[in-house]
Protein chains: 2
Amino acid sequence: MTYCLGIKTHEGLVMASDSRTNAGYDQVNVCRKLYTLVTPGERAFVILTSGSLSITQSVTTLLQDEYRQGRGLAMASNMYEAARAVGACVRTVSDLDRDALAKDDYSFNIHLLLGGEVRGGEPELYLIYPQGNPICATQDSPYLQIGEVKYGRPILDRGIDARSTSLDAASKYALLSMDATMRSNVTVGPPVELLQYRRGSLQFDHYRRFSASDPELDLIHGRWEQALRRVVEDLPNIRFGGEPAGSPA
Amino acid sequence: MTYCLGIKTHEGLVMASDSRTNAGYDQVNVCRKLYTLVTPGERAFVILTSGSLSITQSVTTLLQDEYRQGRGLAMASNMYEAARAVGACVRTVSDLDRDALAKDDYSFNIHLLLGGEVRGGEPELYLIYPQGNPICATQDSPYLQIGEVKYGRPILDRGIDARSTSLDAASKYALLSMDATMRSNVTVGPPVELLQYRRGSLQFDHYRRFSASDPELDLIHGRWEQALRRVVEDLPNIRFGGEPAGSPA
């Protein structure tokens, strides 16, 4: 399993991914799922992947080959074209592998997040489906997730406001969302990669990789849990009535 | 969908359920999923249900019939026997309905939570599977959930400690867990039923039903969200390094 998320705020983007891969319970490995493609001052893209590693690696290999040749993401004149360029690579690999996978009942099931900015535009965040079509984060839906998405969602719903949440706060929400997911699903695990992108910067200069034993991750985890317990204690106690009303049957 | 949970602490039990049922997007109704069976001073049981309403209603009808006749839960001499009595009713309905459902590819898929106490014993919390077999909450796994379980889990993992969490705090955690789930899944909805059971009381006298517009639910929801945002702002900002290390490929 995997958990990756992207958050879009008025100040820019935050992207986070775990690094655990597994093919069964007894084949668990570390694998990075965050890829960047950058031409400083002109364009900066970050891609997060979930799904079969064999398929996502093929897609990112194609994207990187195209980029080196000045095609694909290197030619996109805005983020929508960039999302379509990623979708085109997904479809190329689908044409290569989908039928062979289907023979053994494997599905072609990968999802990607694309964040970034092209000079002259705005930072944007897209999710690309296994069929290659993209959807875009909006002010009302300012975050997108792939993989094991449920455990980490409530903290985002409560905290993120695209109009007011700062990049520094969004980075903390992303880390807490990841932490909640890692605690609940053992197939999501460290290292955690976190990238903060400030609008207009057209480069990636705020990156952090947290290992399992990172003292800062421990500190944030511990303080969060303590503060949360204190907040719950401080909420007013629930006022109960007497017996339940008669049986619902 | 449904979300129900039970929490077992050193002081007793907290049980909570939503009340939304749906058969498709255009057939959404309110239905209580919390049932109580009590002989004050002798035995007190609360049952929460998830899964096909037709099946869960049959099971609870059988349990109530048996109880009135002094059988089943009325005869159980401890909570393990009580869990087995619930499982026996699940199996009776399975024998009645499973084959007919299978003909149209419906699965016999219900889950129940049973909380309560029998005089001379301790409060216990069980989950009963569609096959009728039970599992029990323990000090290390002090809560059990059925239905849409993921959204509401992180708050429980961070807050509940069977040895130290008070019943009043556990009730707030249950409500916050329910609130997180209702926000993320529209097929989980109010009214919310909440029952607090103090060990040794052998009756249910702490019950509360929250409608969608309950001002206390609004207050707790609002204060929680405000406090949570403040806590995140107060956490130390993440210290980032520079560029990401080279591409992982």
Side-chain angles (χ1 to χ4, degrees), chain A residues 31-37 46 57 60-61 64 150-155 157-159 168-169 171-173 175-176 180-181 183-184 193-196 203-209 216 219-220 223-225 227-229 231-245 247-249, chain B residues 31-37 46 57 60-61 64 150-155 157-159 168-169 171-173 175-176 180-181 183-184 193-196 203-209 216 219-220 223-225 227-229 231-245 247-249:
Chain A
C31 181
R32 288 180 60 190
K33 302 164 189 177
L34 182 148
Y35 300 75
T36 54
L37 291 166
V46 50
Q57 281 184 348
T60 52
T61 301
Q64 288 162 334
K150 292 189 179 185
Y151 298 114
R153 183 167 168 168
I155 180 79
D157 279 339
R158 304 216 192 248
D168 280 334
S171 298
K172 289 184 270 184
Y173 282 111
L175 197 62
L176 291 170
T181 309
R183 176 147 184 179
S184 291
E193 293 190 276
L194 191 63
L195 190 70
Q196 197 185 80
Q203 62 178 341
F204 294 123
D205 54 6
H206 277 67
Y207 169 82
R208 178 72 182 271
R209 189 167 189 246
E216 200 174 335
L219 179 83
I220 286 180
R223 280 215 206 165
W224 171 247
E225 215 158 277
L228 185 144
R229 288 182 181 207
V231 167
V232 172
E233 292 289 344
D234 289 347
L235 288 174
N237 283 341
I238 295 163
R239 289 175 300 123
F240 286 93
E243 291 181 82
S247 130
Chain B
C31 181
R32 288 179 61 189
K33 303 165 189 178
L34 182 150
Y35 300 75
T36 54
L37 292 166
V46 50
Q57 281 184 348
T60 53
T61 300
Q64 288 162 334
K150 291 188 180 185
Y151 298 114
R153 184 168 168 167
I155 180 77
D157 278 338
R158 303 215 192 247
D168 281 333
S171 298
K172 289 185 270 184
Y173 282 112
L175 197 61
L176 291 170
T181 310
R183 176 149 184 176
S184 291
E193 293 190 275
L194 192 63
L195 191 70
Q196 197 184 80
Q203 62 176 343
F204 294 123
D205 53 6
H206 277 65
Y207 168 81
R208 177 73 183 269
R209 189 168 189 245
E216 199 173 336
L219 180 83
I220 286 181
R223 280 215 206 166
W224 171 247
E225 215 158 276
L228 185 145
R229 287 182 181 207
V231 167
V232 173
E233 293 288 345
D234 289 348
L235 288 175
N237 282 341
I238 294 163
R239 288 176 300 124
F240 287 93
E243 294 180 80
S247 130

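The figures that follow rest on heavy atoms only: side chains count, while hydrogens, waters and symmetry mates do not. In what follows, chains carry the letters A, B, and so on, assigned in the order in which the sequence lines appear, proteins first and then strands, with residues in each chain numbered from 1.
The candidate from B:Asp205, B:Leu219, B:Val231, B:Ile155 with the greatest count of non-hydrogen atom pairs under 4.5 Å with chain A is B:Asp205. Among the candidates A:Glu193, A:Arg153, A:Gln203, A:Gln57, the residue making the largest number of heavy-atom pairs closer than 4.5 Å to chain B is A:Arg153. Listed options B:Glu225, B:Arg209, B:Glu233 were ranked by heavy-atom pairs under 4.5 angstrom with chain A; first place goes to B:Glu225. Ranked by heavy-atom pairs under 4.5 Å with chain B, the first of A:Leu194, A:Leu175, A:Leu37 is A:Leu194. The residue among A:His206, A:Gln196, A:Glu243, A:Arg208 with the most heavy atom pairs within less than 4.5 Å of chain B is A:His206. Counting heavy-atom pairs closer than 4.5 Å to chain A, the top residue among B:Pro236, B:Gly242, B:Ser184 is B:Gly242. The greatest number of non-hydrogen atom pairs below 4.5 Å with chain B, out of A:Ala227, A:Gly159, A:Cys31, is found for A:Gly159.
Only the side chain of A:Glu216 comes within contact range of chain B, judged by heavy atoms closer than 4.5 Å. Both the backbone and the side chain of A:Arg239 come within less than 4.5 Å of a heavy atom in chain B.
Taken to the nearest 0.5 Å, the OG1 atom of A:Thr60 stands 11.0 Å off from the CG atom of A:Leu34. If you take CD1 on B:Ile238 and CG on A:Asp168, they are separated by 8.0 Å, rounding to the nearest 0.5 Å. Note that CZ of B:Arg183 and CG of A:Asp157 are 5.0 Å apart. Values are rounded to the nearest 0.5 Å.
Of all heavy-atom pairs spanning B:Leu195 and A:Pro244, the tightest one is CD1-CG, 3.9 Å.
With sequence neighbours left out, A:Phe204 forms a ring-ring contact (aromatic ring centres under 6.0 Å, His included) with A:Tyr197. Qualifying side-chain contact (heavy atoms from CB on, under 4.5 Å) partners for B:Val232, counting only residues two or more places apart in sequence or in other chains: A:Lys172, A:Tyr173, A:Leu176, A:Trp224.
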